[in-house]
Amino acid sequence: MRIFDKLNPEQQEAVRRTEGPVLILAGAGSGKTRVITHRIAYLLEERGVNPWNILAITFTNKAAGEMRERVDAMIGHGAAGVWISTFHSLCVRILRRHIDLLGYETNFAIYDTDDQKTLMKEVCARLNIDTKKLKERQILSAISSAKNELITPLRFREEAGTDYYQRRIGECYEEYQKALKKNNALDFDDLLMKAVELFTLHEQVLVSYQNRFRYIMVDEYQDTNHAQYELVRLLASASRNLCVVGDDDQSIYRFRGADISNILDFEKDYPEALVVRLEQNYRSSQTILDAANSVIRNNERRKDKRLWTDRGQGEKIRFRRFATAYEEASFVAEDIEGRIRKDKGASYKDFAVLYRTNAQSRLIEDRLVLSSIPYNVVGGTNFYDRKEIRDVLAYLKTVDNARDDLAVRRILNVPRRGIGQTTISRVAAFAVSEDMTFYEAMLRVNSIPGIGRAASKIRAFTDMIEGFRAYGEDHRLSDLLGHILEESGYKASLEDSDDENAEDRIRNVEELFSKLADYEEHDDSEEGPSLSGFLEEVALVADIDSVEDSDNRVLLMTLHSAKGLEFPHVYITGLEDGVFPSAMAMDEDGMEGEEEERRLAYVGITRAREDLTLTAAQSRMARGEVRFNPESRFLSEIPADLMDDMSARGRRASARARDFYDDIFSDEDAPPFEEGGRITSLGAYAESLRGKKARVPETSPRKEEPGKKGGLASLSGIPGLQKGAAGLKSPAGTGAKPAGSKPRAVYVKPHTAEEKLPYITRASRASAKKQAAAAPAAPDYGPGDRVRHQRFGEGTVLSVTPGPRDYKVAVEFDSCGRKVMYAAFAGMEKI
DNA sequence: CGCGAGGATATTTTT
DNA sequence: TATCCTCGCG
């Protein structure tokens, strides 16, 4: 049978058992996506299941898209009815249909982190929360955790007991939910929680979906949180045909509520479950798998398994250690360059550079630019997080759903319309007293007390928005966007701004434009393309979703983003204690933090197909300080015989450094610091410690502050030592633990340009800037030429003048008169 | 009401 | 180091 041709016996078993619960423990690279897609094919072709009855859930759009592609490739059009969707978009689809049962309108907005923060700020102001003591972020993360656990505001307050801060957070939670509802908005976590709420409160809705989804498959099950668990449980509880696929060793999203117990306890929830283990790896060499196995073996809380392959031993794992992070970046760039040159078959897209935090990409990027190596960075500042994009989206949101106060207020005075804080406060106060939305209040501007001259400005704004709505009635979405950009003056304000990033901004807006046009072309939803549809798609994109395999570029990303991907050549950088494993994670109580970091290491190692390179830097700059870190503990967990350690000498030195730290910081009579000394290297630091003039301070917990972990035990308390000159990173949980435990890293503040030099790539910065600022090509038309504009139609060019960033073009259009615009942005063609 | 300067503050990971 | 926020002046 065709479906089973390419499957090993375990995979076949997993595909064949379609009835009842199935747990597939799929190690990295063991072909789990293959199993899911083949299972879908089998259900459709051999079991005659209606595609409509199948639901496959993933975490990212990219994973969903790939699954869709593969299923289509096997089955063709017959699979079109199968729902393959992310958790979040599944919930949105369901809620768009039924959320009126919960008192929201079905065109609800979806708030992202930024919106949440803005809203929370208002809530805190209203509740007189001292945001110095209780930060918005902290409150939001508490609320997020609560929602992931399906804890309602009511229950949250009940459980808060007498704890002052918990009670305050409870108040915020309640108020925040009210504000969301008033804005007809849901945040990310609401999408899941409201869907569960819907199913719990309205059984007939649940039953209809249970009838529909007879066969449910969940990918990356180890990453589900309680809300997702509950959602799946409810949907599957009638048919019990639930197949979950996951790897407990790859659970790396604890911070967003993922509960590893969901997969570890699956057999308790479904005692009749068939458990299939997929341990044969089709991706990596045995050496890479051995390394991965021997690292992950150090975790306590896991199901034991052992990956194997028949692909042979392969290359040793390379380890390189450098004095500074800049040298580390140089090595990566030069190494990639060298391999591309040497190996004719190699191309840029075969390489991935991974790191623990987004901030680490900077240096590597700079260095790649210097070597003219094409690269893409996944994540970091999301495209949709950029100011100009958020502005433009706020226009679209306002036109789409004026109940979204945040969007309305964001653009009210962007570009400047002379509407100031006083006016905004008056409108807001009126809206509250009359119990209406901000926009409704503006529509009744004449009734608002105290608004004098500003009334006409407000009127002009609402007229404009109403005009956009009317325009949107009988125009395409992309035309509407063009109209908005033009009429609102937003485009003009971008073009006229002397902000040095204006060029990028314009480019980004253009990109949004083409994304909208693209959406319009390719949307295949039942309802057809709509503004809400586009905004929803935009709200639910993940960083990784935009990765195109077709781009021949080196990929840079965090270890988290790399999950699910594979590359022939992988570099994992920043293998230093404090960076990876991250100091933050290690500060947590117990082993959970460290074990999660170790799983992250496991994920990183198993991304590599042919070879893996690990790198570390003795010192790197962070937040304007140079930080000396010991080598990552994970390195020592990889057997030496698997490693090609070109830094053997460095490693010994590093081991000495580790001992050195231990000695110094655990010693009661610790050696002192030199007065006012500056430390530029570990050696110099050691020297300074031998001076016996001051004592190493006891690690002093900061003032008691809620939620605050032990921070920098600054040396400012030492007489004579410059404030901020050096510091010791306090050890795990210092805030709560007694003084005297061991600090883990040394911080040094560079004072002179010379001291900073090794850590920055000034040359590359300058050249990168120059490259970006290169003058755009002159347009191929000149005065007197006839041109065509996408929206304005045909016209005659009056003049072309070089502007600060781009050529300014004046055109007399046949239909709508004279316009002046930037050549690159206008995108006109000569006719 | 708009803008600039200067100070405080932050970096873990993301649907 | 880089961004954000607040404050004060024109």
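Just so you know, these numbers use all the heavy atoms, side chains as well, and skip hydrogens, waters and symmetry mates.
- Side-chain contact check for A/K147 versus A/L192: every heavy-atom pair is 4.5 Å or farther apart.
- Under 3.5 Å, the side chains of A/Q116 and A/D187 contain a donor-acceptor pair of N or O atoms.
- Looking only at atom types and distance, the side chain of A/R356 has no donor-acceptor partner in the side chain of A/S632 under 3.5 Å away.
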Tell me, for nucleotides 1-6 of chain B in 5' to 3' order, what letter each nucleotide earns: B for a base near a protein heavy atom under 4.0 Å, S for only sugar-phosphate near one, - for neither? SSS---
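- For B/dT13, the OP1/OP2 oxygens have no side-chain nitrogen or oxygen of A/S582 closer than 4.0 Å.
- Going from atom CE of A/M584 over to atom P of B/dT12 covers 3 Å, rounded to whole Å.
- The phosphate of B/dT9 has neither OP1 nor OP2 within less than 4.0 Å of any side-chain N or O from A/K135.
- Between A/K387 atom NZ and C/dA2 atom P there is a gap of 16 Å when expressed in whole angstrom units.
- Looking at which nucleotide of DNA chain B each of A/E597 and A/F188 is closest to, the 5′-most match is held by A/E597.
- As a whole-Å value, the separation of A/R356 CZ from B/dT14 P is 9 Å.
- Counting only heavy atoms from C-beta outward, the side chains of A/D577 and A/E631 never approach each other to under 4.5 Å.
- We find that NE2 of A/H560 is positioned 12 Å from P of B/dT12, with the value rounded to whole Å.
- Between A/L556 atom CG and B/dT13 atom P the separation is 15 Å, expressed in whole Å.
- OP1 or OP2 of B/dT13 has at least one side-chain nitrogen or oxygen of A/N358 nearer than 4.0 Å.
- Rounded to the nearest Å, the gap between the P atom of C/dC4 and that of B/dT13 is 15 Å.
- Take the nearest nucleotide of DNA chain B for A/S561 and for A/A359: the residue whose nucleotide is more 5' is A/A359.
- What separates CD of A/E136 from C1' of B/dT9 is a distance of 13 Å, to the nearest Å.
- Using cut-offs of 30° and 60° on the angle between ring planes, the pair A/F534 and A/Y519 is tilted.
- Within the nucleic acid shown, A/T113 has no heavy atom closer than 4.0 Å to any nucleic acid atom.
- For the pair A/E536 CD and B/dT15 C1', the computed distance is 14 Å after rounding to whole Å.
- Rounding to whole angstrom units, CZ of residue A/F580 and C1' of B/dT12 are separated by 11 Å.
- Contacts between residues 252-261 of chain A and DNA chain B, counted as heavy-atom distances below 4.0 Å, involve A/Y253, A/F255, A/R256.
- Here A/R302 pairs with A/D249, A/D304 under the salt bridge (Lys or Arg N to Asp or Glu O under 4.0 Å) rule; sequence neighbours left out.
- Ring to ring, A/Y355 and A/H560 are not that close: their centroids are 6.0 angstrom or more apart.
- Here A/E365 does not pair with A/R362 in a salt bridge; the nearest charged N to carboxylate O distance is not below 4.0 Å.
- Remark: A/R362 is not in phosphate contact with C/dT1, judged by side-chain N or O atoms under 4.0 Å from OP1 or OP2.
- In terms of phosphate contacts, A/K563 brings no side-chain nitrogen or oxygen within less than 4.0 Å of OP1 or OP2 of B/dT14.
- With contacts defined as side-chain heavy-atom distances shorter than 4.5 Å, the pair A/I252/A/K563 qualifies.
- Residue A/T558 places at least one side-chain N or O under 4.0 Å from the OP1 or OP2 atom of B/dT14.
- Counting heavy atoms from C-beta on, the side chains of A/F580 and A/T357 never come closer than 4.5 Å.
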